[in-house]
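Working notes for the structure below.
All values reported here derive from a predicted model rather than from experimental measurement. Lettering of chains follows the sequences in order, A, B, ..., and the numbering in each one begins at 1.
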There are 2 protein chains.
Amino acid sequence: MAHRLKEQYKELLDKKGLTYTFERKRIFEEIQKISVHFHVDGLYDRFKKQGERISRATVYRTIPLLLESGVIQKSAGNGKRDFFEKTNAKGHHDHMICVKCEKIIEFHNEKIEALQDEISKHHKFKVTFHDHRLFGYCQKCQ
Amino acid sequence: MAHRLKEQYKELLDKKGLTYTFERKRIFEEIQKISVHFHVDGLYDRFKKQGERISRATVYRTIPLLLESGVIQKSAGNGKRDFFEKTNAKGHHDHMICVKCEKIIEFHNEKIEALQDEISKHHKFKVTFHDHRLFGYCQKCQ
DNA sequence: GGTCTGGTTGAGATCTTGTCTCAAGATTTA
DNA sequence: TAAATCTTGAGACAAGATCTCAACCAGACC
């Protein structure tokens, strides 16, 4: 699975005339180790903690490539920061975000997805991705 | 309608031991004049253009109060900036956003809202607001 | 009225997130 | 090997939003 994604990633680089450099390889690998969503500076921090000096700029620069090749996808944001996750993580899902403790609960509902399709079709709108977040209070924080 | 909202707003201020000051009044009023969604600096600019000197900080500071009292609600963001709109504008609705021309199409679907309620109830999550955006290409830009 | 207490404001500093610049190093091509 | 092109790191920069702090104002109390 991760292997197929790596191929897609390499292909995209190739198509764009870019090299599969050490840094681009390390960033791909490190993301495979993350099981939940992450933000770019968090990813950068992982390298820093391990004593690897891959610059913040490089990490930021690599994200669009990973997105475009389908290795990662946008995930729940907290409103400020962009979050990402591996596409092979667990399929598409949406999020409930506790505004107090910042806990994130994932959900997925086929009926909603189907209704979205219906609506967009009706407006002749071609959806490429969507963002569906419910903000509020989790059970503990109410 | 706007009147009831003003009462809610005043009540919240009161409950928090805050004063219904000139600035907080003006910000409320100015928002009533805006028929579409807006962002905070845009609101601030309206005052500046009219020669009223209400500071940016005050406008930013007032937004959470308006949100909490239900006078405004979050609206479609473009990813960076937060957008807001009056709650009495035209009822709740969600957005399809064209990533090319930035056109925004509003939609509303009771079934989706109902499913959301069902899901959040199931997770014992208390939703205060939600953000549902479909990104893609509008008819013209496909 | 005068004073005290504490909320409010404006201006600008600061923080955060993300992007850009540019010089230096690496790689590919001729 | 030289020229051209990529890539990187470090830090500058930009945009959006928040925070600080001195000055101001309003109500409570004497």
Short side-chain N/O contact to D:dT18 OP1/OP2 from B:Tyr60, under 4.0 Å:
no
Can you check the A:Arg24 CZ to C:dA26 C1' distance for me, whole Å?
13 Å
Any base atoms under 4.0 Å from B:Arg56, or only sugar-phosphate, or nothing? Heavy atoms, all strands.
base
Check the surroundings of atom NZ in B:Lys140: do more than 12 heavy atoms from other residues, nucleotides or ligands lie under 6.0 Å from it?
no
Sort and list the pairs that fulfil side chain to side chain donor-acceptor pair (under 3.5 Å) and have at least one residue in residues 9-22 of chain A, not counting sequence neighbours.
A:Lys16-A:Glu68
From the list D:dT18, C:dG10, D:dT7, which nucleotide is the closest neighbour of the side chain of A:Thr21?
D:dT7
Walk me through it: do A:His108 and A:Glu110 pass the test side chain to side chain donor-acceptor pair (under 3.5 Å)?
CA-CA 7 Å; A:His108 176 76; A:Glu110 279 303 338; 3.0 Å; yes
For D:dG9 and A:Thr58 - does any side-chain N or O of the residue sit under 4.0 Å from the phosphate oxygens OP1/OP2?
yes
Over how many whole Å does the gap from A:Leu13 atom CG to D:dT8 atom C1' extend?
15 Å
Could you check how far CZ of A:Phe83 sits from C1' of C:dT17, rounded to whole Å?
12 Å
Roughly how many Å is it from CG in B:Leu18 to P in D:dG27, rounded to a whole number?
14 Å
Give B:Arg61 one of three labels, base, sugar-phosphate or nothing, depending on what nucleic acid heavy atoms sit under 4.0 Å from its own.
base
May I ask you to verify if any side-chain N or O of A:Thr19 is less than 4.0 angstrom from the OP1 or OP2 atom of D:dT7?
yes
Given D:dT8, C:dG18, C:dG10, the nucleotide with the shortest approach to the side chain of A:Asp82
C:dG18
Atom CD of A:Glu23 and atom P of C:dA24 are separated, to the nearest Å, by 19 Å
Measure the distance from CD1 on A:Ile63 to P on D:dT8 and round it to the nearest whole Å.
13 Å
Salt bridge or not between A:Arg26 and A:Glu30? Use side-chain N to carboxylate O under 4.0 Å.
yes
Nearest of C:dG12, D:dG9, D:dT7 to any side-chain atom of B:Ala57?
C:dG12
